[in-house]
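Have a look at the structure below, then the notes.
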Amino acid sequence: MAAAAGATSRGLAAKTTCSTLAGAGRGDSAASSSRPQPPSGGAATLAVPWKGRKGNFTEPAPAPACRMESGSAFRFLSSASSRWRGAPSSDHQLPLQSVAENRRCPRLSRHRHDKDSPTLSNPANNNCTRVNAVVQQTATGSTSTVSRTRQQGSSAEVTGKPTVLVAEKLGAGGIDLLKKVANVDCSYNLTPEELCAKISLCDALIVRSGTKVTREVFEASNGRLKVVGRAGVGIDNVDLQAATEAGCLVVNAPTANTVAAAEHAIALLLALARNVPQADSSMKEGKWERGRFVGVTLVDKVLAVMGFGKVGSEVARRAKGLGMHVIAHDPYAAHDRARAMGVELVSLEEALGTADFFSLHMPLTSSTERMFNDAVFNKMKDGARIINVARGAVIDTPSLIRALDSGKVAQAALDVFTEEPPPKDCPLIAREDIIVTPHLGASTQEAQEGVAIEIAEAVVGALQGALAGTAVNAPMVPAEVIEELTPYVALAERLAKVAVQLVSGTHGIRGVTITYRSARSMEDLDTRLLRAYVVKGLVEPVSESVVNLVNSDYISKQRGLRITEVRQVSDGDDEEPLETIQLQITDCESTLRMEAPTSQGSACFLLTSFWKVVSSSATRLTNQE
Ligand SMILES: NC(=O)c1ccc[n+]([C@@H]2O[C@H](COP(=O)([O-])OP(=O)(O)OC[C@H]3O[C@@H](n4cnc5c(N)ncnc54)[C@H](O)[C@@H]3O)[C@@H](O)[C@H]2O)c1
Ligand SMILES: O=C(O)[C@H](O)COP(=O)(O)O
């Protein structure tokens with residue numbers, strides 16, 4: 001065990017930090033040590049017969065002698081070195097391929113379709129590409145959810161292309177891009193039931209804000225849906241929790257409609273100040289009412305931009321051009337960015353008490369929902385004016401009506417509504433002091449083409465195994481990090497798979513400590529992928545769950561799996577991201593510790609033999625699946 005001991009003693013000198021991901025979430029810190037700790041209670045021991053094998057890289061390793069033994073720890077050695085990179089592997093999934101290779105999720109299989117389910121044909125869809133015939137046949141062919149899922153998989157294999165359902169109108173550039181790699185089914189105006197009926201035949205779904213992608217949709221997909229693309233910014237119409245539980249990636253198109261939305265806010269600002277729509281209606285009725293439509297000037301007025309993100313800052317820039325004094329409220333915005341634009345970031349109280357105009361640009365979240373309520377309106381200056389191009393539900397409708405009735409708020413301009421389209425009797429629509437547009441913020445030709453391409457690229461990328469830079473419910477791991485960590489990710493998963501076999505028959509895994517030894521500083525080693533694939537390796541062989549980067553943290557929480565990550569910063573070479581990965585598994589009775597040196601050098605002779613051990617066990621697991 002000399003090499004292992006050597007590796008360990010290097011670790012002894014290393015700086016160690018750790019974090020814990022447990023049922024309660026990340027952030028607990030747990031005591032850790034770089035020295036292999038005697039397991040508390042029993043220990044599972046694996047003895048690898050490596051002695052005398054130094055330098056022998058090709059000879060097959062004898063099967064490992066596994067012994068579960070109380071009171072001792074052991075080390076299990078492997079490699080993710082360059083040898084690993086070249087090695088063909090039957091079950092090696094690149095990290096993000098698994099997002100796109102999502103298979104089944106029985107927890108989500110409650111909903112079944114029967115022969116009476118609506119079929120794929122949709123009259124609204126006449127001029128669009130249909131799902132291919134093979135897939136349509138599958139829609140009516142089977143009765144069991146599981147067999148349906150398998151049939152769907154084989155349909156996709158037959159056509160060699162995934163199926164993308166485009167449920168709302170998307171620019172032609174985006175459709176063309178999708179068609180290069182997928183069967184594209186453009187079916188607009190689907191009812192929730194129709195959407196649920198179709199979704200189990202689709203690998204990806206693209207929507208705008210008009211389609212609610214609910215938990216029922218994810219359940220009805222039977223695990224086939226791999227990516228939801230939101231062709232726009234706001235993702236409040238997608239049940240992100242359900243998507244995450246299903247391991248379904250959600251991506252959006254966050255930049256292409258920014259300018260369009262900002263321009264629409266400015267259009268509403270001017271229209272509001274000068275009563276443009278009201279005057280237009282009046283003239284169309286044959287009237288000439290110059291005295292009735294006297295407006296207010298914008299120059300030198302205070303505009304509070306509420307939400308100083310992409311749209312908000314573009315609005316601020318334009319309003320400054322109109323000679324307005326612009327302040328902004330955004331608890332998360334950087335002061336120096338605002339200052340550089342000549343915008344003062346202020347508290348909510350200050351914004352409310354100072355501004356003549358408010359332009360709302362925050363996302364709809366649990367904390368912004370009905371944020372503009374009686375209390376907030378009452379703190380505004382009398383006669384304030386409000387423009388909402390964000391989301392309808394950030395304003396409490398009855399409070400706005402009261403504020404308008406009392407004169408606290410003089411006028412409002414609304415592009416968005418709590419319910420869209422608003423009900424016929426919505427009190428906001430008919431009022432003279434409110435101007436309304438039907439959610440047109442992103443509706444310019446340029447923005448829609450841009451959004452279509454942005455979302456099509458993200459969806460295609462996700463289907464092909466890349467992690468979109470615009471992922472909403474998965475950590476955004478930069479492409480170069482993914483590339484560099486890929487072999488280590490595979491190793492982490494295999495270590496976990498071996499570990500789970502070794503502790504099988506006991507009472508389930510309670511906690512996992514993953515120790516990464518690296519010469520790199522904390523900031524230079526992103527361990528999220530590695531952690532996700534340890535969870536994958538631990539959970540998939542013993543359950544029906546499909547684990548990927550999207551849902552690994554959720555699944556570990558759900559299973560009460562306490563994950564502690566320990567970082568040891570060594571003084572070695574920082575060219576390779578990792579020197580070793582160590583897994584320590586605590587089950588109810590024992591602790592199992594396995595370590596995989598990842599670099600070449602003194603431990604190399606051990607690496608080959610373990611590699612084969614890992615490879616064979618992994619293959620066996622794959623066959624079992
Ligand atoms: N009407 C339309 O067609 C249209 C078009 C584009 C965007 N939108 C809406 O506008 C919103 C903003 O878009 P974006 O691209 O600027 O997003 P963004 O994420 O760039 O900006 C949102 C900003 O709101 C801030 N914020 C969050 N909570 C806040 C709070 N309580 N108070 C103040 N600020 C808060 C965030 O810190 C962030 O800076 C989107 O979420 C979307 O709902 C509407
Ligand atoms: O969030 C957005 O991007 C806008 O509200 C636009 O929504 P839309 O795509 O439905 O126009």
Side-chain angles (χ1 to χ4, degrees), residues 1 4 7-8 11 14 16-22 30 32-48 64 66 68 72-80 84 485 487-504 506 508-518 525 527-542 547 552-553 555-556 559 561-568 577-599 603 606-607 610-611 613-615 617-618 621:
M1 303 289 274
T8 305
T16 303
T17 50
C18 82
S19 64
T20 300
L21 181 76
S32 70
S33 161
S34 55
R35 182 194 295 274
Q37 296 295 307
S40 56
T45 301
L46 172 65
V48 182
C66 292
M68 307 289 273
S72 62
F74 75 94
R75 312 187 71 70
F76 198 16
L77 302 176
S78 178
S79 171
W84 178 269
L485 285 184
Y488 303 92
V489 162
L491 175 63
E493 183 181 352
R494 285 189 165 90
L495 273 176
K497 279 185 167 176
V498 172
V500 96
Q501 285 197 97
L502 293 172
V503 297
S504 72
T506 60
I509 297 170
R510 225 176 35 202
V512 182
T513 302
I514 314 168
T515 305
Y516 311 99
R517 187 164 58 242
S518 168
L525 182 61
T527 61
R528 291 172 298 179
L529 271 176
L530 298 161
R531 184 177 76 229
Y533 278 75
V534 166
V535 175
K536 184 176 174 64
L538 291 175
V539 172
E540 283 194 353
V542 295
V547 182
S552 66
D553 285 350
I555 283 189
S556 36
R559 298 178 72 89
L561 199 58
R562 182 184 167 82
I563 298 185
T564 304
E565 290 187 289
V566 179
R567 292 287 314 276
Q568 295 176 341
L578 281 172
E579 286 178 12
T580 65
I581 305 176
Q582 186 184 87
L583 275 197
Q584 181 169 326
I585 298 204
T586 311
D587 69 10
C588 296
E589 296 169 345
S590 56
T591 296
L592 164 70
R593 183 180 292 120
M594 307 193 311
E595 181 172 280
T598 59
S599 57
L606 293 169
L607 311 183
F610 181 65
W611 191 92
V613 173
V614 173
S615 180
S617 58
L621 285 168

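Quantities reported herein were computed from a predicted structural model and do not represent experimental measurements.
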Side-chain donor or acceptor of E493 paired with backbone N/O of K536 under 3.5 Å: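 Side chain of E493 to backbone of K536, a donor-acceptor pair under 3.5 Å: no, none is there.
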S518 side-chain N/O to P577 backbone N/O, donor-acceptor pair under 3.5 Å: yes
Heavy-atom pair of closest approach, residues V547 and A532: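 For V547 and A532, the tightest heavy-atom pair comes out as CG1-O, 4.2 Å.
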Heavy-atom pair with the smallest gap, counting every atom of V512 and L583: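 Minimum heavy-atom separation between V512 and L583: CG1-CD2, 4.0 Å.
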Nearest-0.5 Å distance that lies between atom CD1 in I555 and atom CG in L561: 10.5 Å
From I581 atom CD1 to Y533 atom OH, the distance as rounded to the nearest 0.5 Å: 14.0 Å
Would you mind reporting whether [Y] and [X] have side-chain heavy atoms less than 4.5 Å apart?
X    : Y    : result
I563 : V534 : no
Q584 : T515 : no
R567 : T527 : yes

Test log, rule side chain to side chain contact (heavy atoms under 4.5 Å, CB included), inputs I585 and L538: CA-CA 10 Å; I585 298 204; L538 291 175; 3.5 Å; yes
The single option from R531, E565, Q582 passing side-chain hydrogen bond (donor to acceptor under 3.5 Å, both in side chains) against Y516: E565
